[in-house]
2 protein chains.
Amino acid sequence: MADSSTQVRPGGRSAKVRAAVHRAVAELLAEEEAETLTLPAVAARAGVHPTTLYRRWGSTAQLLNDVATSRFTGDLVVPDSGSLAGDLQRWLADVATDVADPDTLALMRAAIGSGPAGGCACTEDRHRQLGAIIRREQDRGGTALDVEAAADFLLGPLYYRAIFTPEPASADWARTLVSTYLTTLRTP
Amino acid sequence: MADSSTQVRPGGRSAKVRAAVHRAVAELLAEEEAETLTLPAVAARAGVHPTTLYRRWGSTAQLLNDVATSRFTGDLVVPDSGSLAGDLQRWLADVATDVADPDTLALMRAAIGSGPAGGCACTEDRHRQLGAIIRREQDRGGTALDVEAAADFLLGPLYYRAIFTPEPASADWARTLVSTYLTTLRTP
DNA sequence: CCACTAACGCAGCGATCAGTGCGATAATTT
DNA sequence: AAATTATCGCACTGATCGCTGCGTTAGTGG
């Protein structure tokens with residue numbers, strides 16, 4: 001008890017409340033506009049008292065950050081198909097499918113609108129996954145790709161289409177993007 | 001007067017109110033968090049009665065759409081340097097400089113968070129400008145690039161970095177992106 | 001210059017939000 | 001099992017938001 005001052009308590013009840021609140025945020029964002037996403041509204045949907053939300057999260061921005069982080073972290077298994085092209089195609093197709101979901105898009109939009117950290121929360125784990133794929137190829141003895149450059153050319157167009165375009169990209173389009181990237185941009 | 005039913009009146013006063021409201025939105029987004037962007041707050045900053053905002057725009061979402069559309073439309077002159085590479089580099093460097101501004105980013109974030117149309121309002125005119133550059137090259141007898149593909153590989157990484165990354169891209173990076181695109185992806 | 005009417009300001013009314021003590025519950029430690 | 005305390009529910013308050021009639025101002029066309 002000599003550590004800083006706080007003592008986290010992730011027990012059964014807190015976890016249940018947290019899960020209910022997260023589900024309520026996702027449901028409300030999927031149903032109505034992001035305007036009505038207030039803490040009392042989330043509390044009513046989650047069956048939790050509003051005071052709890054004010055104490056644990058404080059504002060809708062921090063709540064959205066929390067929801068986005070846990071929603072977009074550890075949700076995709078990075079496959080091992082044996083080759084870099086196969087790994088990237090499988091993975092980016094999964095990302096495209098996830099991003100094409102309207103409910104997922106609504107959460108991303110709300111997180112972005114909540115502040116500069118909201119957008120990062122949506123793609124931080126994607127960068128980690130991409131880095132893992134590239135590192136595995138390197139361990140196999142293949143080419144060493146730059147993670148940043150790969151993110152620019154693979155995740156960039158994908159998320160750009162999702163956010164700034166009337167209709168998001170499809171899984172097939174993502175696979176084509178990977179092959180185009182690997183055949184033309186591989187350190188010319 | 002046999003047309004539909006409404007008669008627009010873009011006279012001096014309405015235009016002044018509109019300009020003051022737009023400026024107030026930009027200022028408030030630049031100063032504080034997007035949470036406090038309510039119609040009464042904007043009205044107070046603009047020196048306008050809140051009733052006006054409720055009547056003309058109705059909600060912060062529509063107001064943000066209006067502001068974003070007029071902010072990102074017709075703001076960049078598309079240069080004519082004589083070559084496709086020069087045009088694209090000059091133009092994308094200008095876009096990168098614009099997007100790197102924190103205040104501009106705050107407006108984009110808020111517009112995205114206001115709904116699916118908010119993101120499109122930020123890049124609709126960019127697509128038009130890119131199309132004009134490509135069409136001009138075509139008129140010169142040069143290669144015919146696909147506007148959609150060019151937007152994916154040029155605007156995609158740029159806006160992806162701006163929204164989903166801690167620090168946006170620089171003008172130099174944008175120029176490098178153009179040269180990489182033209183030397184490697186030109187219809188291989 | 002005058003009539004017309006779109007657009008704005010004013011006053012005010014629920015409804016809801018953000019936030020605060022205080023007691024109760026339950027997770028964790030000893 | 002008992003003590004400790006993080007976490008939650010309850011009751012409550014001030015402030016603000018969203019919205020609506022109604023009168024006034026000022027662009028616009030004749």
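Naming: A, B, ... by sequence-line order, numbering from 1 per chain. Bear in mind the structure is a predicted one, so any value in this text is a computation, not a measurement.
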Taking atom P of D:dC17 as reference, at what distance in whole Å does atom CG of B:L53 sit? 12 Å

Can you tell me how far C1' of D:dG27 sits from NZ of B:K16, to the nearest Å? 12 Å

For B:R175, which of B:L177, B:V178, B:D172 qualifies under side-chain contact (heavy atoms from CB on, under 4.5 Å)? B:D172

Run the salt-bridge test on A:R90 and A:D80 with the 4.0 Å N-O cut-off and return the result as yes or no. no

Report yes or no: is the cationic atom of B:R161 (NZ for Lys, CZ for Arg) under 6.0 Å from the centre of the six-membered ring of B:W173, at an angle within 45° of the ring normal? yes

With B for base contact, S for sugar-phosphate-only contact and - for none (protein heavy atoms under 4.0 Å), nucleotides 17-22 of chain C reads SBBBBB

State plainly whether the residues A:D125 and A:R128 are in salt-bridge range, i.e. N to O under 4.0 Å. yes

Atom CH2 of B:W57 and atom P of D:dC19 are separated, to the nearest Å, by 16 Å

Geometric cation-pi criterion B:R126 and B:W91, 6.0 Å radius, 45° cone: no

Phosphate OP1/OP2 of D:dT7: any A:T52 side-chain N/O under 4.0 Å: no

Under a 4.0 Å threshold between the charged nitrogen and the carboxylate oxygen, would A:D66 count as salt-bridged to A:R71? no

